[in-house]
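Here is the structure we will look at.
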Amino acid sequence: GSSINEVVAHVKATIDDPDISISVHQGNEPSKVSSSTSKNYSIIETTIRETIKDVIISPGLMLAGSDSKHYESMSEDNYRFIPMRLGPNDLSRIHGTNERIMVKNYKEVIQFYSRLMENAGR
């Protein structure tokens with residue numbers, strides 16, 4: 001939740017050396033934190049329980065960037081979730097060479113989103 005300016009100020013204060021300069025070349029302000037106690041989170045949680053039986057459900061932190069920042073003015077919460085099963089070799093392939101998911105997992109993703117739409121429409 002820290003702004004870019006807050007991070008720069010913290011780094012400068014921590015280094016505390018006038019011979020070292022700090023500059024920002026690129027960055028985005030942090031996304032809002034989405035509620036894990038809202039009705040919409042509950043719908044997602046219910047849908048996971050209904051469609052993917054062998055997982056533990058908990059809120060998490062997405063470390064990568066996403067397009068959700070463009071929707072913050074439209075929705076109080078923006079959940080960055082896809083029920084994608086990743087093995088140890090899969091992370092390096094996301095948005096890269098040989099990106100793929102298992103056919104069985106692809107079916108789970110479709111089932112999840114179909115059920116999510118049903119649950120959200122209730």
Side-chain angles (χ1 to χ4, degrees):
S2 300
S3 70
I4 292 172
N5 288 337
E6 290 170 331
V7 171
V8 170
H10 173 76
V11 171
K12 285 180 179 180
T14 301
I15 293 173
D16 193 25
D17 185 339
D19 292 331
I20 296 176
S21 64
I22 308 296
S23 61
V24 177
H25 295 276
Q26 177 186 359
N28 293 309
E29 294 299 337
S31 299
K32 294 187 301 186
V33 175
S34 298
S35 172
S36 61
T37 60
S38 71
K39 176 186 174 199
N40 291 326
Y41 182 88
S42 180
I43 292 170
I44 294 169
E45 185 177 30
T46 297
T47 305
I48 294 169
R49 290 189 197 290
E50 292 173 347
T51 58
I52 308 168
K53 309 281 188 205
D54 63 339
V55 298
I56 297 170
I57 302 167
S58 70
L61 177 64
M62 181 179 179
L63 299 176
S66 83
D67 290 337
S68 67
K69 63 183 168 243
H70 301 295
Y71 302 103
E72 286 188 344
S73 65
M74 296 180 194
S75 175
E76 189 171 324
D77 294 315
N78 287 282
Y79 297 101
R80 302 145 187 95
F81 175 75
I82 183 170
M84 200 162 88
R85 296 180 185 265
L86 300 173
N89 298 320
D90 295 326
L91 287 176
S92 64
R93 289 195 295 253
I94 292 179
H95 302 313
T97 303
N98 208 14
E99 179 180 28
R100 65 183 185 270
I101 64 172
M102 298 175 290
V103 171
K104 180 181 175 184
N105 184 213
Y106 186 64
K107 182 179 175 184
E108 285 179 319
V109 171
I110 293 168
Q111 290 170 334
F112 170 82
Y113 282 113
S114 293
R115 187 68 181 153
L116 180 64
M117 288 185 275
E118 290 171 358
N119 289 340
R122 290 184 181 167

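In this structure, D90 and M84 have side chains that are not in contact, with every pair of non-hydrogen atoms separated by 4.5 Å or more. Residues E50 and N119 are in side-chain contact: their nearest non-hydrogen atoms beyond the backbone lie under 4.5 Å apart. Residues I43 and R122 form no side-chain contact, since every pair of their non-hydrogen atoms from C-beta on lies 4.5 Å or further apart.
Ring planes of Y41 and Y79: tilted class, angle from 30 to 60°.
Grouped by direct or indirect side-chain proximity (heavy atoms under 4.5 Å, Ile/Leu/Val/Met/Phe/Trp/Tyr only), I56 sits alone. Residue V11 is found in a hydrophobic cluster whose other members, listed by chain and number, are I4, V7, V8, I15, I20, I22, V24; membership requires side-chain heavy atoms under 4.5 Å apart, directly or through intermediates.
Around atom OH of Y71, no more than 12 heavy atoms belonging to other residues, nucleotides or ligands sit under 6.0 Å away. E76 CD: 12 or fewer foreign heavy atoms inside a 6.0 Å radius.
The pair K69-E72 does not count as a salt bridge, with every side-chain nitrogen at least 4.0 angstrom from each carboxylate oxygen.
Side chain of S75 to main chain of N78: no donor-acceptor pair is present (N/O by atom type, distance under 3.5 Å, no hydrogens or angles).
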Checklist entry - When you look at S34 and R80, which way does the side-chain contact (heavy atoms from CB on, under 4.5 Å) test go after all the steps? => result CA-CA 9 Å; S34 298; R80 302 145 187 95; 3.8 Å; yes
Checklist entry - Run the side-chain contact (heavy atoms from CB on, under 4.5 Å) check on I48 and I44 step by step: do they pass? => result CA-CA 6 Å; I48 294 169; I44 294 169; 3.9 Å; yes
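I82 and F112 end up in the same hydrophobic cluster when Ile, Leu, Val, Met, Phe, Trp and Tyr side chains are linked at under 4.5 Å. Residue V33 is not grouped with residue F81 when hydrophobic side chains (ILVMFWY) are merged at heavy-atom distances under 4.5 angstrom, including chains of intermediate members. Connection of Y113 to I52 is established within a shared hydrophobic cluster, with ILVMFWY side chains joined at heavy-atom distances below 4.5 Å, either directly or through further cluster members. Hydrophobic clustering (ILVMFWY, side-chain heavy atoms < 4.5 Å, transitive): L86 and I57 are in one cluster.
Residue P30 comes nearest to S3 through the heavy atom pair CD-CA, 4.0 Å, listed as atom of the first residue, atom of the second, then distance.
Qualifying salt bridge (charged side-chain N to carboxylate O under 4.0 Å, His left out) partners for E45, counting only residues two or more places apart in sequence or in other chains: R49.
How far CE of M117 is from OG1 of T47: 10.5 Å, rounded to the nearest 0.5 Å. Remark: S31 OG to H70 NE2 distance equals 9.5 Å, nearest 0.5 Å.
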